[in-house]
Amino acid sequence: MTDNNFTDTIPLPFLEQTDDSHYTKVIAGPCSAESETQVLDTARALSKLGIKVFRAGLWKPRSNPRTFEGVGIAGLPWLQRVKQETGMLIATEVANREHVEVALKAGVDVLWIGARTSTNPFAVQEIADSLRNCEDATVLVKNPVTPDIELWIGALERVYNAGVRKIGAIHRGFTTYGNHLYRNMPEWRIAIEMKRRFPSLPILCDPSHMGGRRIHVPTLSQQALDMGFDGLFIESHCNPSVALSDAEQQLSPGELEELLNSLIVRHTTQSTDSIDALRMAIDECDDELVELLNRRMRISREIGMYKKEHDLQVVQTNRFDEILNKRMTQAQSLGMSPRFMKSVMSEIHEESVRQQIEILNSK
Ligand code: PEP
Ligand code: MN
């Protein structure tokens, strides 16, 4: 199957930078619309910052059914007021046919498909079918909760196949088990691969759901800009501490302003001699790395032959623990992240095991 390359998509006008005083390629607003006052207070403050698209969730896909699940259609008139009063475009999440129909009828300008929904092709297809004959709609598709790039592309393609051409992707990170620094793992390489495969498809980063806590939002936002994302999708609430959902990750409009003032937009086209030299040095390191890995795998296969002859098991956990501990300590003493070293060594070990199993099973 060849990729649909999304080359005839229509650029999203709100991703044009118009204000030089700070970064404005931002969709912002509360996680959930909670009341008319909360929606309007937040919207007025964001509009003053030059935000052009206001987000607010009406139907909230919550893991826990005992938590706030959104006000539903009751919030549509509040969003309409935002649009009338501030001139901002309005955006909300849709998860089924009914959501699409009522949102479009109420004049919602930007629809987004949430991470839980984009995981389910039946739900996405239902949304796509309800968008047929609505060629003018703008639809953003969040990555599915699992790090499955084909599922994400498939969701975008379903919407595209319904005739929608104003589309974009939102990278919000991937769910994983246990407590980690971020609520959802960035796995930036997946977003970078999207950019590589579909250069004309706009991709925004949602640092709020990725980070899960407001202290992480600035770092993740800057990293996203450095990686060439086309815009940001940020949760902002007039009073985050009393928010009914995602209280820990929402920024007040003041905090958002501070963030937008601090972001540095780098110019991708400028290349200097010194960066070329550094890139050559990196290429040399990579050559050495690949050669070293090849040497290591050859030795590992020799060990595999030995294990086969002596009827030994391939995986010896003590030995792997010893390798991991040694290299993580070494990494730390060199000022590198032990966690990074752990993941590098785990990948290498996994490939060695795979090769040794091949040898054990060969005739
Ligand atoms: C949201 O944007 O409020 C939301 C529910 O996000 P996600 O689908 O990324 O979890
Ligand atoms: Mn949220």
Side-chain angles (χ1 to χ4, degrees), residues 26-34 38-39 42-43 46 51 53-65 67-72 75 79 89-96 99-100 103 108 110-120 123-124 127 138-148 151-152 155-156 159 168-176 180 182-188 190-191 194 203-214 216-217 220-221 224 229 231-252 255-256:
V26 181
I27 295 177
C31 177
S32 303
E34 300 167 5
Q38 169 253 5
V39 165
T42 310
L46 295 177
I51 302 291
V53 188
F54 179 77
R55 64 147 284 161
L58 300 173
W59 301 278
K60 300 303 300 177
R62 307 304 299 280
S63 305
N64 182 339
T67 54
F68 178 64
E69 295 198 289
V71 295
L79 296 186
L89 301 182
I90 48 178
T92 203
E93 172 171 349
V94 289
N96 61 32
H99 297 166
V100 173
V108 173
V110 178
L111 307 177
W112 84 82
I113 299 180
R116 289 158 193 79
T117 308
S118 65
T119 305
N120 178 351
V124 177
I127 294 169
T138 300
V139 182
L140 304 175
V141 181
K142 287 200 171 193
N143 65 259
V145 288
T146 44
D148 181 342
L151 194 57
W152 192 6
L156 282 153
V159 175
I170 303 175
H171 178 54
R172 50 77 83 193
F174 302 92
T175 306
T176 184
H180 297 271
Y182 298 130
R183 175 177 176 188
N184 290 298
M185 309 289 265
E187 303 275 18
W188 294 112
I190 295 179
M194 282 293 262
I203 174 161
L204 290 91
C205 175
D206 171 349
S208 306
H209 290 90
M210 194 180 271
R213 286 194 289 143
R214 65 187 130 264
H216 296 313
V217 176
L220 292 168
S221 301
F229 276 76
L232 298 169
F233 190 85
I234 301 182
E235 283 189 343
S236 175
H237 187 292
C238 57
N239 190 358
S241 62
V242 297
L244 298 182
S245 58
D246 289 346
E248 291 188 0
Q249 71 194 27
Q250 304 203 57
L251 304 183
S252 67
E255 287 165 337
L256 180 64

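Start at 1 with the first residue, then count along the sequence. All values reported here derive from a predicted model rather than from experimental measurement. Each ligand, and each atom within it, is numbered from 1 in the order the structure gives.
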Where ligand 1 meets G114 - atom numbers and elements under 4.0 angstrom, heavy-atom basis: 8 (O)
R62, CZ: over 12 other non-hydrogen atoms inside 6.0 angstrom: yes
Nitrogen or oxygen of D206 less than 3.5 angstrom from that of ligand 1: no
Contact check, side chains of E235 and R55, non-hydrogen atoms, under 4.5 Å: yes
Pairwise side-chain contact, V159 with I113, heavy-atom cut-off 4.5 Å (strictly under): yes
Heavy-atom nearest neighbour in the protein, as seen from atom 8 (O) of ligand 1, with distance rounded to 0.1 Å: A115 N, 2.8 Å
Test item: L46 and S236 side chains (from C-beta on) under 4.5 Å apart, heavy atoms: yes
Flag, side chain of W152 to backbone of V141, donor-acceptor distance under 3.5 Å: yes
Nearest protein heavy atom with distance in Å, relative to atom 9 (O) of ligand 1: R172 NE, 2.6 Å
Protein heavy-atom partner closest to atom 7 (P) of ligand 1 - residue, atom, separation in Å: K142 NZ, 3.4 Å
Atom name in D246, limited to N/O/S, at shortest distance from the Mn ion (ligand 2): OD2
K60 N/O to ligand 1 N/O under 3.5 Å: yes
Closest approach of any protein heavy atom to atom 4 (C) of ligand 1, naming residue and atom: H209 NE2, 3.4 Å
Atom 5 (C) of ligand 1 [closest protein heavy-atom partner, distance rounded to 0.1 Å]: E93 OE1, 3.6 Å
Atom name in E235, limited to N/O/S, at shortest distance from the Mn ion (ligand 2): OE2
Side-chain heavy atoms of N143 within contact of I190, under 4.5 Å: no
Beyond-backbone contact of M210 with H216, side-chain heavy atoms, under 4.5 angstrom: no
Angle at the Mn ion (ligand 2) (to 10°), with one arm to SG of C31 and the other to NE2 of H209: 170°
Sidechain-backbone polar pair: R172 side chain, V145 backbone, donor-acceptor under 3.5 Å: no
